[in-house]
2 protein chains.
Amino acid sequence: MRKRRSLAMNLDAVAQKAGVSTSTVSRVLNNLEIVKTSTRSRVLKAAEELNYHPNLHARSLARGKSRILGIIVSNMENPFFLDIYRTLESDAHGQGLEVVVANTDYRSEQLLASVQLMIGLRVAGLAVIVSEMEDHLIQTVADSRIPAAFYDVGTPQKNITNIRVDYRKGIKKTVGYLCALGHRRMAFVGHHSTLGPISERRKAFLESVHRCSPSAEAKIFAGPDGLDGGRQAARELLESDFRPTAILCVNDFMAVGVMRELHEEGLQIPKHISVTGFDNIKLAEFCSPPLTTNHIPRDQIGHTIFDHVLGDGREQRDTGREIVIDPELVVRDSTGIAAKN
Amino acid sequence: MRKRRSLAMNLDAVAQKAGVSTSTVSRVLNNLEIVKTSTRSRVLKAAEELNYHPNLHARSLARGKSRILGIIVSNMENPFFLDIYRTLESDAHGQGLEVVVANTDYRSEQLLASVQLMIGLRVAGLAVIVSEMEDHLIQTVADSRIPAAFYDVGTPQKNITNIRVDYRKGIKKTVGYLCALGHRRMAFVGHHSTLGPISERRKAFLESVHRCSPSAEAKIFAGPDGLDGGRQAARELLESDFRPTAILCVNDFMAVGVMRELHEEGLQIPKHISVTGFDNIKLAEFCSPPLTTNHIPRDQIGHTIFDHVLGDGREQRDTGREIVIDPELVVRDSTGIAAKN
DNA sequence: CCAATTTCTGCAAACGCTTGCACGCAGAAC
DNA sequence: GTTCTGCGTGCAAGCGTTTGCAGAAATTGG
């Protein structure tokens, strides 16, 4: 005896109990039609009685593939990512696929571990929803030959499908809207991973403000992603000598944190200062005041990713390299006419 | 040739390239010390060059167990559950375990599928964070012999470890606090799965209100869990003829929804009406007004579960059956003196 | 230089499942 | 009563690892 097995819950046990061979049991459990009805029910009964659950590892190994969709997310706490995750999950379940998620918390070591995990699991498809990823890791995924799609990965890469949001367009629109309301001093609040050296968003913001009026002022602040991060960035802003009449936030989650801090400092929104966000998460309707924001269709993103990885769009996987999604401005009560100086 | 393999990325390939046997490669990859340094580096180099990633299914199969913590959650959207999940995840990673999550969305068919998945994966341990679970499913988990812990599963069961919060105590305290502020008409807002026939919370609420004053009035409302559900319950309340001066919500997430609806109907909090929640999620500090709530230590819950499943507390797994956690009232700005009629 | 250790490596079985192939056996056709 | 179908089942190989055991190689002591 090489090893003590805790419970002998395997095909063999069921086969013996039902008086058939393992092949037959396997066929019954996989709904192959070739099995006689009487044998079939006998097997089913035996499996039931033995409380048998097929070993998914063995199954994947034998089949040479798994029925698992892998999802890597940078920040599950942010409802934006959570929504994408949930869409993916529901699509996957719709196709009878299981889902394995890994959370990276924006930590690159966790990202690496997550990628290894997914490859090790030989997932049938992989969705990567992290804001930033080193090129060599992207390459690792590509080399693994696992059908994959990325959301908004920093630099566009040769061989991969990348879904991204045109933040530039959204920022332009938002700044334009604020400009029309008379705002001439605006701040941008980002989180750390939106601030890489090549940050398109930062540039778009500065350009847009300048286009509003050459004399308009712009400044950029940042904190970690999340409610606290937003609050922290707002505090920095308040402690600086910059007094904007409007603040653009890189996402709604941070915007809520920003609004809280402003509120506690006695600033009224939008009377004293306007605030906008991105994403249009559920919370944007529920905070006070409801947030003016840029709607980004998470469900569309999720469906698109799924389609390119495991769905019907699979065939064009190798052709469609980059899919761009446009945000749409949703005006609520957190923005108004610029306060006079 | 029986089957076309996409990529021959297995131990054999590495072994051949390094000119050793698969056993040696295995030993290197598992950091067994018996390997000579020179061979070791040769193997490592080969693995690197071939872009090799061990097949986790094969590994689990051979080892007869996996290094995976399974987590089943009813509603990832609710920050309360999310926090527990994150604590578990971080504990697991701390021990080099991977994590697989399944979301049930309060749907029992999903719960069943999730349980099957976890058993099929032969997870090393299982945490079940769903508010309600049928007895036979609990039994299935118990029969699987997988170390498991449940959070607040409806009926206490013979053979399992159950961590639960003493909502009764929290509700008593909250009602007492409101009573002292002069409230005599209170509503309770729950979600559907807190309303089973044996609902301890509902009873605790009614009793507590009665204890406050025999003539005090109490009524119960409900919606689905979540922001929208809270709003929906609040709308029902507003459309009824019941005019409470305070509303206790079963969790903060719903409370935020409730507050939003009240606000839009022109009711001021806490001037016209007081609102309380449970959980003390991050958002409770960030909403307007900040929410008076009952703190429930998610991290403690998470750590406790992990400990009982896979951590050091493992030894007592079969002894400690029920662990009770007390909530603690946190007073913020959403509660005040009862409005006079 | 040989024997006795000790260190390192390879062989092969096992993990639990899937699946191509072949075979048994019933009924149909002749 | 043969031969021919073809359905239903079993055999056994293979999926990619781990690991006990035994044997090879290196080291040591005498």
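Here is how names work: the chains are called A, B, and so on, in the same order as the sequence lines, proteins then strands, and each is numbered from 1.
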Sugar-phosphate only, base, or nothing, as touched by N30(A) at under 4.0 Å among non-hydrogen atoms: sugar-phosphate
Pairs where residues 113-123 of chain B contributes a residue and the test side chain to side chain donor-acceptor pair (under 3.5 Å) is met, not counting sequence neighbours: H53(A)-Q116(B)
Side chain to side chain donor-acceptor pair (under 3.5 Å) pairs, two or more places apart, involving residues 70-91 of chain A: N75(A)-D225(A), E77(A)-R86(B), N78(A)-D225(A), D83(A)-R298(A), Y85(A)-E89(A), R86(A)-E77(B), R86(A)-N103(B), R86(A)-D105(B), D91(A)-H303(A)
Earlier contact from the 5' end, DNA chain D, for K36(B) and V35(A): V35(A)
side-chain hydrogen bond (donor to acceptor under 3.5 Å, both in side chains) evaluation trace for D143(A) with Q139(A): CA-CA 6 Å; D143(A) 288 349; Q139(A) 198 50 50; 3.1 Å; yes
Residue whose closest nucleotide on DNA chain C lies nearer the 5' end, V20(B) versus A58(B): V20(B)
Flag side-chain contact, heavy atom, 4.5 Å: D152(A) against E132(A): no
Side-chain heavy atoms of L137(B) within contact of L112(B), under 4.5 Å: yes
L61(B), nearest nucleotide to its side chain (from dT17(D), dC15(C), dA12(D)): dC15(C)
Degree of bending, the helix from dC1(C)-dG30(D) to dC30(C)-dG1(D) (end axes from five pairs; round to 10°): 50°
S23(B) (side chain) and dC11(C) (base): donor-acceptor pair under 3.5 Å: yes
Presence of donor-acceptor pair under 3.5 Å, side chain of R27(A) and base of dG10(D): yes
Verdict with supporting geometry, K17(B) and E49(B), salt bridge (Lys or Arg N to Asp or Glu O under 4.0 Å): CA-CA 9 Å; K17(B) 177 143 190 151; E49(B) 284 177 13; 3.3 Å; yes
